[in-house]
Enquirer: 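One structure coming up, written as structure tokens, with questions to follow.
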Amino acid sequence: MGKNLTRKILEEHLVVGDYIPGKEIGIKIDQTLTQDATGTMAYLQFEAMGLDKVKTELSVSYVDHNTVQVGFENADDHKYLQSVAAKYGIVYSKAGNGICHQVHLERFGKPGKTMVGSDSHTPTGGGIGMISIGAGGLDVAVAMGGGEFYITCPRVYKINLTGQLKPWVTAKDVVMKMLEIFSVKGNVGVIMEYGGEGMKTLSVPERATITNMGAEMGVTTSIFPSDDETRKFLKAQGREGDWVAMDADADAEYDKIIDLNLGDVEPLTAAPHSPGNIVTVSSMAGTKVDQVIVGSCTNSSYKDIVTVAKIMKGKKAHPDISFGVAMGSRQVMQMAAKEGYLADLIDSGARILESACGFCIGNHQSPKTDAISLRTNNRNFEGRSGTKSAQVYLISPEVAAVSAISGVFTDPRTVGMEFPDVGMPDEFFIDDSMFIFPKDAVFKEVYRGPNIGNPPTNDKLADSIVGEVTLKVGDKITTDHIMPAGARLKYRSNVPKYSEYVFEPVDTTFPTRSMKNKEAGKHNIILAGESYGQGSSREHAALCPMYLGVKAVIAKSIERIHAANLVNFGIVALSFKNQEDYDKVKQGDDIEIPNIKQKIMNSEPVILVDKTKGLEFELEYNFSQRQKEILAEGGLLAYTVK
Ligand code: MIC
Ligand code: SF4
């Protein structure tokens, strides 16, 4: 049997372990990316490692999340990031240059390479044939220092695309179809590999939309082969030399093969409050809408923006709609300006937003109370828009534009308009002047504003965990529940301050109750249901609980990036041997996990003693030897510098 593409790239980068699906492997990382909201902590941790320079082929530090700059904090962080980039040989992408994933695809992505990024949508790079994985900032810091990156050797599913998309049906609908099939949970440890004749009809940015939102399925990453379309895209970006053909062998082995006929896909939407709540746009048709926003790393490529501009040309956004457009990169914005599309958008009444994350992370453009908001991004978790009562629907740019005009949810196939089939330009407009490359960077000293604190450290793992179930939560708790972003995002570099908001959307008393326990020498334990830690890569969802004295999370299941982040910050992730035991333990119960350190190190069963109930429960865990040692040290930073 031949090899699939995933295996080919991973084997070429394998440095620790054997290629056995389900087992931990360490891979060499060629490129890294960070964004500012996770980047400051990643670079503080990198600094703590005491190295001279990054050891990767390329590391890029993007500023795209915290660009609103209300108060000094964000601007201070940007300056810190710029100075660190200059010191360590990192490319710095200034605020205004665009969203990390879109810009990286345009200017740096290379087929066959590996990349790790401190953002969960790093798999966008899979659209250009990279193994591109999202991780916590500390894992990225280690990779920048030349350390290998650890993943579970994946199970690989082939998505065999056939047919061709019908007019008004898009790559966004394809990935939403995938979410309908695979849902947002149960896909940990899987890589989705796309192939088949249908793939050839999709351009690189369309493929990137699919791999981007693959993150919502909880997979390790998604990847497309590198073919002639990839070559065309790279050539148009002036980078044909970066192209190599990459594909699976004709007789490649897969763990599962799924056929998806592109011609069968129809316009879809993810209804509130999960990217996995997929319904057809036609079933929503006629529903009144309050806000429409086009943008985010999922849908803000040249093709997306030009398509929207062509639909809007000569028309106006409905008077009751707030219509916003955020282009994914400065390149897209420059081309839209030079080719007249920006004028068409402005004429239509669009609010032109910065080329940044902004609305997607609830940093601005929060809709009105109870609003129906249609957005082209990838996540619609409750409250993520900044308005708890808002109903956010995820849609394609095409659905966004026609609905902005009509004021109601509209199936674009019904508007009687000719489909604006926008192709790939032969040449993109190239202007790299908002990058500061290491050769041009002037380094004087690392700038540290008052918002930048040293990363807090943890104690070594205690012999026994003794404390309280400080919080019990249900299923699908996302990192936006654990560590909200939006208005709180500006505190990312100030852990004591940011920790005041841990679990804010769930229980505002959690930080004070936890701190009280910590000060009294009691450990905090979180009890959770299925798919705990869905969503973002933000390590603050582990780091801030660690700061508050959380020592263990007992959950029915934990999503990949968050599970790794918990280990990285010395928090023990456990599950009940019998899932029903979850119902028996209550918030506030006094508990003890005797001899946890010794038991984990010796791979023995761990027992939870519920002193309040007088009951004992067996707990399970699944740590590699490396993870056990990290936990014993109290986290990855201590383990790395020891
Ligand atoms: C997100 O889309 O949730 C974010 C904001 O980009 C996060 C990163 C962060 O929290 O800083 C992600 O996807 O990892
Ligand atoms: Fe930015 Fe939104 Fe993409 Fe996250 S999902 S990187 S917040 S645009």
Side-chain angles (χ1 to χ4, degrees), residues 33-42 62-68 74 77 81 93 95 98-105 116-125 132-137 139-140 172 175 208-209 211-216 218 221 270 275 293-301 304 324 326-329 332 353-365 375-381 383-386 392 394 478-493 498 501 533-544 559-562 564-565:
L33 73 73
T34 55
Q35 41 90 340
D36 52 311
T38 54
T40 46
M41 207 41 72
Y62 292 92
V63 177
D64 54 2
H65 278 63
N66 262 322
T67 59
V68 176
N74 302 161
D77 284 359
L81 292 169
S93 173
I99 305 172
C100 55
H101 309 303
Q102 171 69 23
V103 179
H104 205 88
L105 194 74
V116 63
S118 63
D119 191 281
S120 65
H121 291 105
T122 305
T124 312
S132 194
I133 306 178
D139 279 326
V140 178
K172 181 65 161 283
V175 69
T209 293
T211 58
N212 170 286
M213 204 171 164
E216 273 45 77
T221 191
I293 311 193
V294 176
S296 91
C297 57
T298 321
N299 271 135
S300 57
S301 65
D304 289 334
M327 300 176 210
S329 68
V332 173
L353 311 172
E354 193 176 9
S355 288
C357 297
F359 79 93
C360 175
I361 189 58
N363 225 355
H364 66 137
Q365 301 295 318
R375 298 172 164 225
T376 65
N377 62 313
N378 45 37
R379 287 185 178 145
N380 58 347
F381 302 142
R384 180 174 160 104
S385 66
V392 175
L394 308 175
T478 71
T479 49
D480 281 291
H481 290 108
I482 306 170
M483 204 57 266
R488 311 298 182 206
L489 199 60
K490 68 179 187 177
Y491 299 123
R492 280 289 173 91
S493 314
Y498 199 29
Y501 303 106
Q534 268 186 23
S536 123
S537 69
R538 68 190 68 145
E539 62 188 358
H540 295 78
L543 168 61
C544 294
E559 290 301 309
R560 174 188 68 87
I561 305 181
H562 189 60
N565 283 338

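If you're wondering where the values come from, they're calculated on a predicted model, not measured in any experiment. All ligand and atom numbering here is 1-based and tracks the order in the structure. Basis for what follows: all heavy atoms, side chains included, without hydrogens, waters or symmetry-related copies.
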Enquirer: So if I count the atoms of ligand 1 from 1 in the order they appear, which ones are less than 4.0 Å from some heavy atom of D119?
Expert: 4 (C), 6 (O), 7 (C), 8 (C), 12 (C), 13 (O), 14 (O)
Enquirer: Is it true that H65 lies under 4.0 Å from ligand 2, counting heavy atoms only?
Expert: yes
Enquirer: Parallel, tilted or perpendicular, judged at 30° and 60°: which one describes the rings of Y491 and Y501?
Expert: parallel
Enquirer: Check contact between H540 and ligand 1, using heavy atoms of the residue and a distance below 4.0 angstrom.
Expert: no
Enquirer: Using a 4.0 Å heavy-atom cut-off, say whether R379 meets ligand 2 through its side chain, its backbone, both or neither.
Expert: neither
Enquirer: Mind checking whether N378 has a heavy atom under 4.0 Å from ligand 2?
Expert: yes
Enquirer: Numbering the atoms of ligand 1 from 1, which are under 4.0 Å from a heavy atom of S537?
Expert: 12 (C), 14 (O)
Enquirer: I'd like to know: is atom 2 (Fe) of ligand 2 within the 2.8 Å range of an N/O/S atom from C360, strictly under that distance?
Expert: yes
Enquirer: Mind checking whether Q35 has a heavy atom under 4.0 Å from ligand 2?
Expert: no
Enquirer: Would N378 count as being in polar contact with ligand 1, using the rule that some N or O on each side must be under 3.5 angstrom apart?
Expert: no
Enquirer: How close does the nearest protein non-hydrogen atom get to atom 7 (C) of ligand 1, and which residue and atom is it?
Expert: S536 CB, 3.3 Å
Enquirer: Under 4.0 Å, heavy atoms only, figure out whether ligand 2 is touched by the backbone of T298, its side chain, both or neither.
Expert: neither
Enquirer: I want to know if ligand 1 touches Q35 in the polar sense, i.e. an N/O pair below 3.5 angstrom.
Expert: yes
Enquirer: Specify the protein heavy atom at minimum distance from atom 2 (O) of ligand 1: its residue, its atom name, and the distance to 0.1 Å.
Expert: R384 NH2, 2.9 Å
Enquirer: Closer than 4.0 Å to some heavy atom of I361 - which atoms of ligand 1 meet that?
Expert: 5 (C)
Enquirer: How far is atom 8 (S) of ligand 2 from its nearest protein heavy atom, and which residue and atom name does that atom have?
Expert: C297 N, 3.3 Å
Enquirer: Specify the protein heavy atom at minimum distance from atom 1 (Fe) of ligand 2: its residue, its atom name, and the distance to 0.1 Å.
Expert: C357 SG, 2.3 Å
Enquirer: Are any of the N/O atoms in T38 less than 3.5 Å from those in ligand 1?
Expert: no
Enquirer: Ligand 1 and S118, any nitrogen or oxygen pair closer than 3.5 angstrom?
Expert: no
Enquirer: Heavy atoms only: which of R379, R492, M483, H65 lies closest to atom 11 (O) of ligand 1?
Expert: R492
Enquirer: What protein heavy atom is closest to atom 10 (O) of ligand 1, reported as residue, atom name and distance in Å?
Expert: R538 NE, 2.6 Å
